[in-house]
There are 2 protein chains.
Amino acid sequence: MATGRNHRPATRSRGIPEATVARLPLYLRALTALSERSVPTVSSEELATAAGVNSAKLRKDFSYLGSYGTRGVGYDVEYLVYQISRELGLTQDWPVVIVGIGNLGAALANYGGFASRGFRVAALIDADSSMTGKQVAGIAVQHVDDLETIIDTNGVSIGVITTPGGAAQQVCDRLVAAGVTSILNFAPTVLTVPEGVDVRKVDLSIELQILAFHEQRKAAEELAQEPPSAAGLPAASEGRRGDQGPDGDIPAVMPA
Amino acid sequence: MATGRNHRPATRSRGIPEATVARLPLYLRALTALSERSVPTVSSEELATAAGVNSAKLRKDFSYLGSYGTRGVGYDVEYLVYQISRELGLTQDWPVVIVGIGNLGAALANYGGFASRGFRVAALIDADSSMTGKQVAGIAVQHVDDLETIIDTNGVSIGVITTPGGAAQQVCDRLVAAGVTSILNFAPTVLTVPEGVDVRKVDLSIELQILAFHEQRKAAEELAQEPPSAAGLPAASEGRRGDQGPDGDIPAVMPA
DNA sequence: CCATCTTTGTGCACGCGTTCACAAAGACAT
DNA sequence: ATGTCTTTGTGAACGCGTGCACAAAGATGG
Ligand SMILES: NC(=O)c1ccc[n+]([C@@H]2O[C@H](COP(=O)([O-])OP(=O)(O)OC[C@H]3O[C@@H](n4cnc5c(N)ncnc54)[C@H](O)[C@@H]3O)[C@@H](O)[C@H]2O)c1
Ligand SMILES: NC(=O)c1ccc[n+]([C@@H]2O[C@H](COP(=O)([O-])OP(=O)(O)OC[C@H]3O[C@@H](n4cnc5c(N)ncnc54)[C@H](O)[C@@H]3O)[C@@H](O)[C@H]2O)c1
């Protein structure tokens, strides 16, 4: 059941909190950039700024991994890159399949950021027979009939779903039955999966709606605070300006 | 500063918790589906299942909006659709610009799910002069030189960034200076914005890394629990099977 | 009008995540 | 060796989010 009644604290993956896990990739990216600039060490303060988080939070996050810093100096960049990579399981290769090679699926297939970490597009799968055999991003699209074989042959455990919403659950079921235990879902559907299977979803529409909510609230707040101060300003059709509002209160960056 | 030192509780947008706001689109989607099937009313239990959440959570979420249910009956679907739409600001039209019309930008432009709610692609913007004037999803791509004019003319307050990472901050700065106060960022970059501007990010790479972490953990757990029980099973090269693991503990669905 | 039954709305307790603030650790200079 | 200075690692407090469990509300039937 996707409702996910969690018996256990839900996050004792070996003591590493879920929120911390979600930030590790962020740290890793910042560290990789430093590594490329041959910076040997970095303080929690510097790294936190680069990653867009609080330095205390970063230190606590790292403390779950172990004591990898040196007091008075900071963290060794290379060493930390390795430790985080290992913790995230990026030292091994992760074959990934993308199911549904339409606009979005093709874009993902073409995305270079995949291979940069341990992820490799093992196969592209689509139900449209006229797509079969066509090259997308240098990989031949295969038919969904062969899904099970493809998963098995390549030892795939991570699947990406970019089919229309209507087909998502069905595709998900087949992926899971074939052995996939992690799914990244781009379709606007609530997937139901057995226990032990992780689903993460990316939903553009939801993100926009959340932004719209705050946008509306900002507009209302501005309107509510405007009259007392400058009441007789020219009633332009567009009252919007490039300023930063009366006082922001929403954290600008949110972990996905 | 994107670090977002929050003076206020960070979420008293008028009492509606941020976590609730993030779920409203989910409820709205489920309700819309019911509406299309002409279902007049729905109980919290049914709707919660459809949205993939706990029914108590759903009721509490709705309680922030007001008392829109009828005890013993449930919620009026149409009425709730309207109330949530209004709360999210979807009763008005939101012009959106997409900056960076490459693989991903083009896919988003072609995405139908945009218009379904109040979002309208007002303009497509790219820095590549050879793209200027080209039609993508029926809309002519405009040059980034005209960004400010486009924002202003169309009264755009929401921008989507799909440029390479290196250009994202620069594009963001221009969008903000031109009056955009909400940004959806697909580039793998931590954006720094002034207070009052909301940034949400969608990061495929991070999602995959989080999945990889759990995947690795599941594999380790399986290995640690296997030996005591069935030690002498055929040492196949692939020990992975389609079962549901010893015990899942991660909530399958996570709000972005 | 009353009894029963369903379903909402919420008080309450609990746990996770965040942040502060500081003691301990170690580098580095003298 | 000793002192100073920087920065880590973490104890503790607090606030947000979640889920249980139940009283109140209202529908429905007799
Ligand atoms: N395009 C976007 O920017 C975007 C954004 C957010 C969400 N989404 C979602 O992503 C999904 C894909 O969007 P898109 O624009 O690429 O759509 P699309 O129609 O271009 O592509 C869908 C592809 O899936 C294939 N397909 C259909 N049923 C299948 C099945 N059972 N098995 C395998 N393949 C199947 C189709 O042949 C097609 O190639 C949709 O659910 C959409 O809502 C898209
Ligand atoms: N393609 C994906 O699936 C995917 C997935 C996750 C993240 N991303 C990220 O999304 C971004 C876009 O990815 P893509 O695959 O579409 O890349 P792309 O190279 O295909 O497209 C980038 C586009 O941005 C334009 N551009 C560059 N600088 C610009 C500027 N200053 N102003 C306006 N436009 C500019 C380029 O001309 C190009 O058309 C990247 O940051 C990438 O890391 C992509």
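In the text below, chain A, chain B and the rest are named by the order of the sequence lines, each starting its count at 1.
Taking atom CG of residue A:N54 and atom P of nucleotide C:dA21, one finds them 12 Å apart after rounding to whole Å. Atoms OH (B:Y64) and C1' (D:dG17) sit 8 Å apart, rounded to a whole Å. Per the geometry, NZ belonging to A:K57 stands 15 Å off C1' belonging to D:dC14, to the nearest Å. Rounded to whole Å, the distance from CG on A:D61 to C1' on C:dT19 is 12 Å.
A:Y111 OH: more than 12 foreign heavy atoms inside a 6.0 Å radius.
Side-chain contact annotation: B:Y68 with B:D76, donor-acceptor N/O pair under 3.5 Å absent.
The nucleotide whose nearest atom lies closest to any side-chain atom of A:K60 is, among D:dT18, C:dT19, D:dC20, C:dT19.
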Just the table, please: protein N/O against nucleotides 6-9 of chain C N/O, every pair under 3.5 Å.
from, atom 1, to, atom 2, distance (Å)
C:dT7, O4', B:G72, N, 2.9
C:dT8, OP1, B:S44, N, 2.6
C:dT8, OP2, B:S44, OG, 2.6
C:dT8, O2, B:R71, NH1, 2.9
C:dG9, OP1, B:G69, N, 3.1
C:dG9, OP2, B:Y75, OH, 2.6
C:dG9, O4', B:R71, NH2, 2.9
C:dG9, N7, B:R59, NE, 2.9
C:dG9, O6, B:R59, NH2, 3.2

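From A:S85, atom OG reaches atom CG of A:L90 across 5.5 Å, with rounding to the nearest 0.5 Å. Within the model, atoms CD1 of A:I206 and CZ of B:R23 stand 11.5 Å from one another, a figure rounded to the nearest 0.5 Å.
Salt bridge B:D203/A:R29: present, at least one basic N to carboxylate O contact under 4.0 Å.
A:Y79 is linked by a side-chain hydrogen bond (donor to acceptor under 3.5 Å, both in side chains) to A:Q83, counting only residues two or more places apart in sequence or in another chain.
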